[in-house]
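Computed from a predicted model, the values in this text were never measured in an experiment.
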Amino acid sequence: MNYRSIADLNNIIRKRLSDIPRDVDIIIGIPRSGLLPATIIALLLNKPLITINELTNDQIDTFSTRSLNYSYQYRKAFIIDDSCYSGTSMKRAREFIKEHLNSEMETIFAAVYVTKEATSLVDFYFEICEQPRFFEWNIMNHVAAMSSCYDMDGVLNLDPTDEENDDGPLYENFIKNAVPLFIPKYEIGAIVTSRLEKYRELTEEWLHKHGVKYKYLFMLDVPDKETRMRMGLHAPFKALVYDQIGAALFFESDDSQARYINESTNKPVYCTGSNRFYDRNDSFDRYKRIKAECKKAEEDAYNALSIMYDFHDKADQILTYTGIDKAVF
């Protein structure tokens, strides 16, 4: 899977900024996701920024100190979306622009991320990023939720405080009144939490109250918090469920647990707490592989040296035994 953060988006735009034609005089963002790169580009180029919808207005309003002209006064527009795959959104944008924009204005239709097949659907793109792919700005409300696992505390709701996490009355009160954090609009494939099974009823009531749709709810079935802590079952339990049910992605808030789940299952994990996407191609995994390769190279070098020294010892023994003068070599 390919993952791009907002930082990645900013970096690729800055890297390719000089490739945008200098005579572009207005940046137009395609809502919603296209407004993010449109804003970055407009700020970096010091150009006016509008949404595509504002083209229906004769005069473009602004609340900033930067004045905007009438739309017909601009000559070259850079129209940007965050990504292009099937081309549906881009096609709609072209039709809308054709209907509402001054026919004399030159247009450049662009997307930050495209697949190889979609390069022909735009006039300009910043980077090829193949499917499956996720972006920081849409991963929490992606259709992939239907085939994913979500942790609860720290993902769907705020974590309890140390005081609230008493495995007693305070914790029960926390579950009832937990503050919602990320509530996906799609039905979740499975909620996998290290909350104890004895809190299932309260947990289900909270999920129903806040409109969280899900297929399965997996909870840890041990007697108490002390047992869970002593056995260190948080991440192993989540990894086991994730591996066995065939889900495509796991959403976890704790970075150390996210790493463990990824390493144990060799499957992708998105950490909401650190905004890290752990996959087999992740830099952390590459670091481990490189470290292992270096260790193997050192072992091979050591073995080679051992063989060489052993060969010299045996050669000396043979020369000594035969009485041949080593100087002739």
Side-chain angles (χ1 to χ4, degrees), residues 1-5 32-33 83 85-86 129-160 175 178-222 228 233-282 285:
M1 291 185 179
N2 293 307
Y3 174 75
R4 297 293 184 272
S5 66
R32 288 184 311 177
S33 298
S83 63
Y85 174 46
S86 65
C129 182
E130 297 292 352
Q131 297 280 9
R133 63 189 182 196
F134 296 101
F135 306 133
E136 180 183 349
W137 51 96
N138 72 4
I139 191 170
M140 294 304 297
N141 278 300
H142 197 283
V143 67
M146 301 177 69
S147 58
S148 298
C149 295
Y150 278 66
D151 185 21
M152 281 212 62
D153 299 333
V155 178
L156 299 180
N157 59 268
L158 289 177
D159 276 315
I175 294 177
V179 178
L181 196 54
F182 302 112
I183 306 297
K185 65 179 180 180
Y186 296 100
E187 181 183 53
I188 297 172
I191 297 173
V192 186
T193 174
S194 55
R195 282 189 187 181
L196 303 183
E197 182 67 36
K198 64 183 179 179
Y199 297 116
R200 176 175 289 272
E201 185 176 346
L202 289 176
T203 299
E204 290 176 338
E205 289 176 359
W206 185 92
L207 291 167
H208 178 73
K209 175 183 176 181
H210 293 284
V212 180
K213 296 169 286 188
Y214 60 96
K215 291 180 182 177
Y216 305 104
L217 172 60
F218 295 93
M219 304 183 75
L220 192 55
D221 194 8
V222 295
R228 179 184 62 195
L233 295 175
H234 292 78
F237 168 70
K238 295 172 184 176
L240 178 64
V241 175
Y242 181 31
D243 193 41
Q244 290 186 348
I245 67 174
L249 180 62
F250 199 106
F251 291 81
E252 168 61 45
S253 64
D254 182 83
D255 192 74
S256 61
Q257 290 190 46
R259 289 188 179 192
Y260 179 94
I261 297 168
N262 169 243
E263 293 173 24
S264 299
T265 63
N266 203 25
K267 295 169 66 175
V269 180
Y270 176 63
C271 181
T272 60
S274 61
N275 189 29
R276 292 287 304 273
F277 192 92
Y278 292 104
D279 202 354
R280 283 171 293 183
N281 295 323
D282 183 83
D285 297 314

Derivation of the side chain to side chain contact (heavy atoms under 4.5 Å, CB included) call for Y3 and D279: CA-CA 9 Å; Y3 174 75; D279 202 354; over 6 Å; no
Carefully, step by step, assess Y260 and D254 under the rule side chain to side chain contact (heavy atoms under 4.5 Å, CB included). CA-CA 10 Å; Y260 179 94; D254 182 83; over 6 Å; no
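No donor-acceptor pair under 3.5 Å is formed between the side chain of D221 and the backbone N or O of E197. Here the side chain of R228 pairs a donor or acceptor atom with the backbone of S194 at under 3.5 angstrom. The backbone N or O of K185 lies less than 3.5 Å from a partner atom in the side chain of K213, making a donor-acceptor pair. Looking at K267, its side chain does come within 3.5 Å of a backbone N or O of A247 through a donor-acceptor pair. Between the side chain of N262 and the backbone N or O of V269, no donor-acceptor pair lies under 3.5 Å.
Nearest heavy-atom pair across D159 and G154 is OD1-N, 3.4 Å. Nearest heavy-atom pair across G211 and I183 is O-CG2, 4.4 Å. Here the closest non-hydrogen pair linking M1 and P268 is SD-CG, 3.7 Å. Heavy-atom minimum distance, P184 versus N141: CA-OD1, 3.3 Å. Residue S253 comes nearest to C271 through the heavy atom pair O-SG, 3.4 Å, listed as atom of the first residue, atom of the second, then distance. For Y186 against M146, the heavy-atom pair with the smallest separation is CB-CG, 3.9 Å.
At a threshold of 4.5 Å between non-hydrogen side-chain atoms, the residues L240 and F218 do not count as touching. Between L207 and L156, the closest side-chain pair of non-hydrogen atoms falls below 4.5 Å. At least one side-chain heavy atom of Y270 sits less than 4.5 Å from a side-chain heavy atom of I139. For the pair T193/L217, a side-chain contact is recorded, criterion being any heavy-atom separation below 4.5 Å from C-beta on. Between V155 and M140, some side-chain heavy-atom pair lies under the 4.5 Å cut-off. At a threshold of 4.5 Å between non-hydrogen side-chain atoms, the residues I245 and C149 count as touching.
Checking each of Y242, Y278, Y150 against F251 for a ring-ring contact (aromatic ring centres under 6.0 Å, His included) leaves exactly one that passes, namely Y150. Exactly one residue among Q257, H234, K238 makes a side chain to side chain donor-acceptor pair (under 3.5 Å) with D151. That residue is K238.
R200 CZ: more than 12 foreign heavy atoms inside a 6.0 Å radius. Other residues, nucleotides and ligands place more than 12 heavy atoms under 6.0 Å from the OH atom of Y199.
Interatomic distance, OG of S256 versus CD1 of I261, reported as 9.0 Å (0.5 Å rounding). To the nearest 0.5 Å, atoms OG (S147) and CG (L249) are separated by 8.0 Å. Between the OG1 atom of T203 and the CD1 atom of I191 there is a distance of 9.0 Å, given to the nearest 0.5 Å. In this structure, CZ on R259 lies 8.0 Å from OG on S274, to the nearest 0.5 angstrom.
Partners of F134 according to the ring pair (Phe, Tyr, Trp, His ring centres under 6.0 Å) rule, which considers only residues two or more places apart in sequence or in another chain, are H142.
Aromatic ring orientation, W206 versus H210: tilted (interplanar angle from 30° to 60°).
Residues R195 and D153 are paired through a salt bridge, judged by an N-O separation under 4.0 Å between the basic side chain and the carboxylate.
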